[in-house]
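First comes the structure, then the notes that go with it.
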Amino acid sequence: MALPVVARLAKGLFMEARILAVLVWSTTAVTVGTALAARTQAVDLRLYVLALLAGFIGQGYTTHAINEIRDWTSGTDRHGLGGSKVVRAGLLSIGELWAVFWVSIGLVLWLGHLCAESSGPWAWFFIGIALLSGICYSLPPIQLAYRPYLGEWLGAFPGILTCVCGAYYVQTGALTGEPVLLGTALALQCMAIMLMFHTLDFEADRAAVPCKRTTIVHLGPAAAQRYLVALQVGAVLALGLALRIDYRLAPLLVAGFLCLVAFQTYAPFDSPTIIRASKRVTLATIAGGLATGIWIDPRLAFMIAVIYAAFAAHRRYGKLPR
């Protein structure tokens with residue numbers, strides 16, 4: 001039986017956000033950038049929340065909406081395991097996804113304005129890079145997601161890096177090498193996580209029209225696993241260097257090692273093992289970023305309740321009936 005309109009839209013909007021992906025990427029990155037700022041000064045929790053919201057809306061709706069539209073029209077999400085599946089389930093139409101895309105851009109720009117008022121005009125630089133990298137990841141004719149290596153290096157990497165650096169800048173009004181190093185480490189780790197998820201859609205992406213020629217499709221799942229392990233080795237090395245900045249960054253390094261083990265041990269052609277490994281790296285990354293943030297600034301402990309609520313909501317509302 002069809003859902004009432006309000007219930008359908010609410011379910012579709014929640015699923016479209018892909019809340020766990022947002023927690024791994026933008027939420028962790030903004031928390032780490034804010035924690036770095038808290039090492040030298042008292043952070044403004046209002047600006048932290050504004051940055052979190054900008055990251056949530058920019059990734060959860062702007063980036064995901066255009067990605068959903070493109071992947072549905074190409075056919076990759078009609079049969080694959082990836083994406084939010086809101087179109088396939090009849091929760092959101094393509095027209096409604098376009099509305100989500102444009103409204104979310106407006107909200108991110110408004111949040112950027114509020115941040116720039118408090119910190120300085122360079123906040124617009126970080127907002128702009130993050131938005132453009134997410135949009136260009138899927139939007140033709142650039143559609144970085146359909147180009148091997150460029151999807152992660154020109155789409156994912158700058159998005160995570162600017163979240164860390166932007167959160168630091170919003171608090172301090174400056175930028176140093178420390179957030180750049182941590183941003184690089186997190187970006188490498190998130191790129192590896194993204195590639196692991198793409199492995200689930202290897203067959204669907206290869207069959208899409210035009211072919212969604214991701215790095216996984218280009219290399220094949222087995223060779224791609226070696227590539228993402230190399231990315232994670234780079235992340236761990238960068239996190240090791242960052243530990244010299246502050247020993248309280250240790251949870252990030254522990255999480256990095258846990259992710260490295262997961263990337264080395266999943267079976268690249270076996271979906272259940274990929275899904276189990278994906279859950280491990282998701283939890284490790286979120287926990288590492290949150291533990292680091294709270295250790296440096298205990299006021300960030302309120303995020304425990306936020307993340308718990310997000311996980312609970314995902315378990316109840318973030319999946320389709322089998």
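The chain is numbered in sequence order, starting from 1. Everything numeric here is computed off the predicted structure, so don't read it as measured data. When reading the values below, keep in mind they use all heavy atoms of this one structure, side chains included, and skip hydrogens, waters and symmetry mates.
- Transitive grouping of hydrophobic side chains (ILVMFWY, heavy atoms separated by less than 4.5 Å) brings Ile296 and Val306 into a common cluster.
- Of the possible polar contacts, one joining the Gln225 side chain to the Tyr266 backbone as a donor-acceptor pair under 3.5 Å is found.
- A donor-acceptor distance shorter than 3.5 angstrom exists from the side chain of His64 to the backbone of Ala17, with no hydrogens or angles considered.
- One hydrophobic cluster, built from ILVMFWY side chains closer than 4.5 Å, holds both Ile304 and Val22.
- Heavy atoms only, all atoms of each residue included: Phe269 and Pro221 are closest at CE2-CG, 3.6 Å.
- Of the options Pro158, Cys165, Cys163, a side-chain contact (heavy atoms from CB on, under 4.5 Å) to Leu161 is made by Cys165 and by none of the others.
- Note on Leu132 and Phe126: separate hydrophobic clusters, where clusters join Ile, Leu, Val, Met, Phe, Trp and Tyr whose side-chain heavy atoms are under 4.5 Å apart, directly or indirectly.
- From Leu283, atom CG reaches atom CG of Leu258 across 10.5 Å, with rounding to the nearest 0.5 Å.
- Atom CH2 of Trp122 has 12 or fewer neighbouring heavy atoms from other residues, nucleotides or ligands inside a 6.0 Å radius.
- Within 6.0 Å of CZ in Phe302 there are more than 12 heavy atoms belonging to other residues, nucleotides or ligands.
- The side-chain contact (heavy atoms from CB on, under 4.5 Å) test with Leu50 is passed by exactly one of Val170, Leu111, Leu45: Leu111.
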(request) For Lys212 and Asp201, run side chain to side chain contact (heavy atoms under 4.5 Å, CB included): C-alpha distance rounded to whole Å, both residues' side-chain angles, the deciding distance at 0.1 Å, then the answer. (result) CA-CA 10 Å; Lys212 187 175 182 180; Asp201 283 329; over 6 Å; no
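- Of the possible polar contacts, one joining the Ser133 side chain to the Ala130 backbone as a donor-acceptor pair under 3.5 Å is found.
- Annotation: cation-pi geometry not satisfied between Arg299 and Tyr48 (NZ/CZ under 6.0 angstrom from ring centroid, within 45° of ring axis).
- If you chain together hydrophobic residues whose side chains sit under 4.5 Å apart, Phe197 and Leu219 fall into the same group.
- The main-chain N or O of Ile135 is never found under 3.5 Å from a side-chain atom of Ser138 such that the two would form a donor-acceptor pair.
- Remark: aromatic rings of Trp153 and Tyr149 are distant, center separation not under 6.0 Å.
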(request) With side chain to side chain contact (heavy atoms under 4.5 Å, CB included) as the test, would you mind laying out the steps for Trp25 and Thr285 before giving the verdict? (result) CA-CA 9 Å; Trp25 286 48; Thr285 302; over 6 Å; no
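- Taken from OG1 in Thr28 to CG in Leu252, the straight-line distance is 8.5 Å, to the nearest 0.5 Å.
- Between the side chain of Ser104 and the backbone N or O of Gly58 there is no donor-acceptor pair closer than 3.5 Å.
- Listed here is the closest heavy atom pair of Val281 and Ala262: CG1-CB, 3.6 Å.
- Residues Tyr61 and Leu53 fall within the same hydrophobic cluster, defined by Ile, Leu, Val, Met, Phe, Trp and Tyr side chains chained together at heavy-atom separations under 4.5 Å.
- Rounded to the nearest 0.5 Å, atoms NZ (Lys11) and CD (Glu16) are 13.0 Å apart.
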(message) Please evaluate residues Thr215 and His198 with respect to the criterion side chain to side chain contact (heavy atoms under 4.5 Å, CB included), reporting the C-alpha separation (whole Å), side-chain torsions for both, the decisive distance (0.1 Å), and the verdict.
(response) CA-CA 9 Å; Thr215 302; His198 284 179; over 6 Å; no
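- Formation of a donor-acceptor pair under 3.5 Å by the Ser119 side chain with backbone atoms of Gly173 is not found in this model.
- Within a 6.0 Å radius of CZ in Phe257, other residues, nucleotides and ligands contribute 12 heavy atoms or fewer.
- Heavy-atom minimum distance, Val236 versus Leu253: O-CD1, 3.7 Å.
- When Leu139, Leu154, Thr214 are each tested for a side-chain contact (heavy atoms from CB on, under 4.5 Å) with Leu144, only one passes: Leu154.
- At least one donor-acceptor pair under 3.5 Å links the side chain of Arg147 to the backbone N or O of Ile142.
- Within the 3.5 Å criterion, the main-chain N or O of Gly159 finds no donor-acceptor partner in the side chain of Gln59.
- Under a 3.5 Å cut-off, the side chain of Arg8 and the backbone N or O of Leu91 do form a donor-acceptor pair.
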(request) With side chain to side chain contact (heavy atoms under 4.5 Å, CB included) as the test, would you mind laying out the steps for Ile193 and Phe263 before giving the verdict? (result) CA-CA 8 Å; Ile193 293 172; Phe263 292 142; 3.8 Å; yes
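- Leu182 contributes atom CG, which lies 8.0 Å from atom OG1 of Thr292 (distance to the nearest 0.5 angstrom).
- Exactly one residue among Glu152, Met196, Gln232 makes a side-chain contact (heavy atoms from CB on, under 4.5 Å) with Met191. That residue is Glu152.
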(message) One pair to check against side chain to side chain donor-acceptor pair (under 3.5 Å): Glu117 and His113. What are the steps and the verdict?
(response) CA-CA 6 Å; Glu117 276 189 328; His113 168 70; 3.3 Å; yes
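- Residue Leu36 holds its CG atom at 6.0 Å from CG of Leu249, rounded to the nearest 0.5 Å.
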